[in-house]
Amino acid sequence: MSEKASFMARTGPAALAIAGLLLAWQLYADLSGISATTLPSPTRVAQQAWIQRQALFDNAVPTVRATVLGFGCSLTTAFLLSILMDFSRPLRRALFPVFIVSQTLPLVAIAPLVVLWFGFGLVPKIMLVALVTFFPMLVALVQGYEATEKEIVQLLHSMGASRWRTFWLARLPSALPFFFAGLRISITYAVVGAIFAEYAGAAKGLGIYILNAKNNFRPDLVLAAVGVSATLTLVLFGITVLVQRLAMPWLRFEQEPSR
Amino acid sequence: MSAVRLQLEDVRKSFGQTEVLDGVSLHVQEGEFVSILGPSGAGKSTIFRLLTGAERADGGAIHMNGAPLEGRNRNMAFMPQRDALMPWRSILDNVTLGLEVQGMTRKAARAKVTPLLAEFGLAGFENHYPAQLSGGMRQRAALLRTVVQERNMLLLDEPFGALDALTRTSMQRWLEVMWKRHRWTALLITHDVREAVFLSDRIYVLSARPARVLHEFHVPLPRPRDGSARGLQEASAIEAAVLDTLLIREQAGGPHS
Ligand SMILES: Nc1ncnc2c1ncn2[C@@H]1O[C@H](COP(=O)(O)OP(=O)(O)OP(=O)(O)O)[C@@H](O)[C@H]1O
Ligand SMILES: [Mg+2]
């Protein structure tokens, strides 16, 4: 199958499903006589989004910034901690429960508190994005290290490799598929996390834009902002897929027989 | 007679309640090809784990060139039961792994390995990933990775266990030719009687777990063992004797019934 044809085969069904949903929504909004201030049709949302494009863009920029910075922090922390936890079993035993508890904190309660403590600036947003994205990546990495083939570890041992050398040569590369799986889960939380943080208090951003639009009874603009955030998430997701392909070129050959 | 390279004396090992090695004694001489044959789960791989230092013996002694075997650097090249090629490394980088760990630069390691690729049937595949290779090629790559380390001894754990019968036979013939040429000192684990007879100078037959040496067979067949009629007849006589040892013990419920 050619590159282009296989791309169509993979994305075609998704595009059709989305188009079908939008069409049903449009028909319902047009035919049921529901008011545009309750449920605007997709064409109206698109039209308003186009009119408001400058404002949407200006508000998307801080959200993207918070997302990317928060995600970067969380990625770095998860990576460093995963190494420490891989080398020290007591540390793993001590920290894992703490991180699990951190995942049970309801964002609705935490977001306003973090804003209260750290103000309306970038810091609380970065922290909240990091909080929601950190755990899946950490778990994926720690699990990935564990999944290293025993034979490979024994082989390196027989060659006289140190623990540290074994980590770099075998455990880290073995964890890559797990890491990228965790990354894809995390990235879908990231934008939502940033918007939530802004919702709790911000000068600018998609979160605050959504809040204002809702207070002004403009569901069309709320939905326009939601559309922007969904697009951002999709783009970030696409980037992780691309990065994975670049980082793991051998994956292509392993998947071939099963497809 | 040449010197004894590896010697195991009354080696014992248990994992918790499970007694795995119940006093195993065997030796390998310089330039000799020795096989360990035994039922599945007997403890064959465990012997190699003791030799590579992944586990410690509970009792007995292991000597290498007359000195007790200890420390990190055991001077043995080990080929695991599964090929253990790293999926993320090209064939060339897989093959140079041991040299890199020994401290050789990547460039020097590649220069050393490259002339050997053709002999191992890997020429033109050095930049492929393991997933792109056939089972036989993967095993040859794993074997090349093992021998380029130029250690005192090769430890081969069922190198052809995962191959189909045809590929396996051709790999055995190939290995015999290679062994004759290079005169490696090798210890091979297998549960294929024909393979053991075809490749070895001597064969140790182990009992079921807890493993002990049931019998030692000499295989005085001329090399190369290319399957000439006379050689075949003698080989099948030895095969039958080895099989008898394995099967009779099994029927009797093992040595510790
Ligand atoms: N780390 C371990 N902890 C507990 N039991 C173990 C451990 N390693 C091996 N064993 C047990 O020791 C026995 C021998 O294992 P070993 O891998 O040496 O067998 P083997 O002879 O190589 O078998 P096969 O031919 O199937 O490869 C098995 O019963 C196994 O369950
Ligand atoms: Mg085994």
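This is a predicted model, so every value here is computed, not measured.
- Note that the CZ atom of R82(B) and the CD1 atom of I152(A) stand 9.0 Å from one another [nearest 0.5 Å].
- The contact between L85(B) and chain A is made entirely by backbone atoms, counting heavy-atom distances below 4.5 Å.
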Point to revise | E151(A) vs D157(B), side chain to side chain contact (heavy atoms under 4.5 Å, CB included): CA-CA, chis, key distance, verdict | key: CA-CA 11 Å; E151(A) 270 90 359; D157(B) 194 347; over 6 Å; no
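- Contact count against chain A (heavy-atom pairs under 4.5 Å) is highest for Q132(B) among Q102(B), Q132(B), M86(B).
- Enclosure of atom CG in L166(B) is not indicated, since only 12 or fewer non-hydrogen atoms of other residues, nucleotides or ligands lie within 6.0 angstrom.
- No other option in R89(B), Q81(B), E100(B), M79(B) has as many heavy-atom pairs under 4.5 Å with chain A as E100(B).
- Counting heavy atoms of neighbouring residues, nucleotides and ligands inside a 6.0 Å radius, atom CZ of F135(A) exceeds 12 of them.
- For S158(A) against T52(B), the heavy-atom pair with the smallest separation is CB-CG2, 3.7 Å.
- Counting heavy-atom pairs closer than 4.5 Å to chain A, the top-ranked of the candidates A131(B), A77(B), S90(B) is A131(B).
- For the pair A84(B) and E149(A), the tightest heavy-atom approach, listed with the atom from each and the gap, is CA-OE2, 4.1 Å.
- Between W88(B) and P249(A) the shortest side-chain heavy-atom distance does not fall below 4.5 Å.
- Taking 4.5 Å as the limit, some side-chain heavy atom of F78(B) sits within range of a side-chain heavy atom of Q154(A).
- The shortest non-hydrogen separation linking L169(A) to V101(B) is CD1-CG2, 3.8 Å.
- Using a 4.5 Å heavy-atom cutoff, the side chains of M159(A) and R145(B) are in contact.
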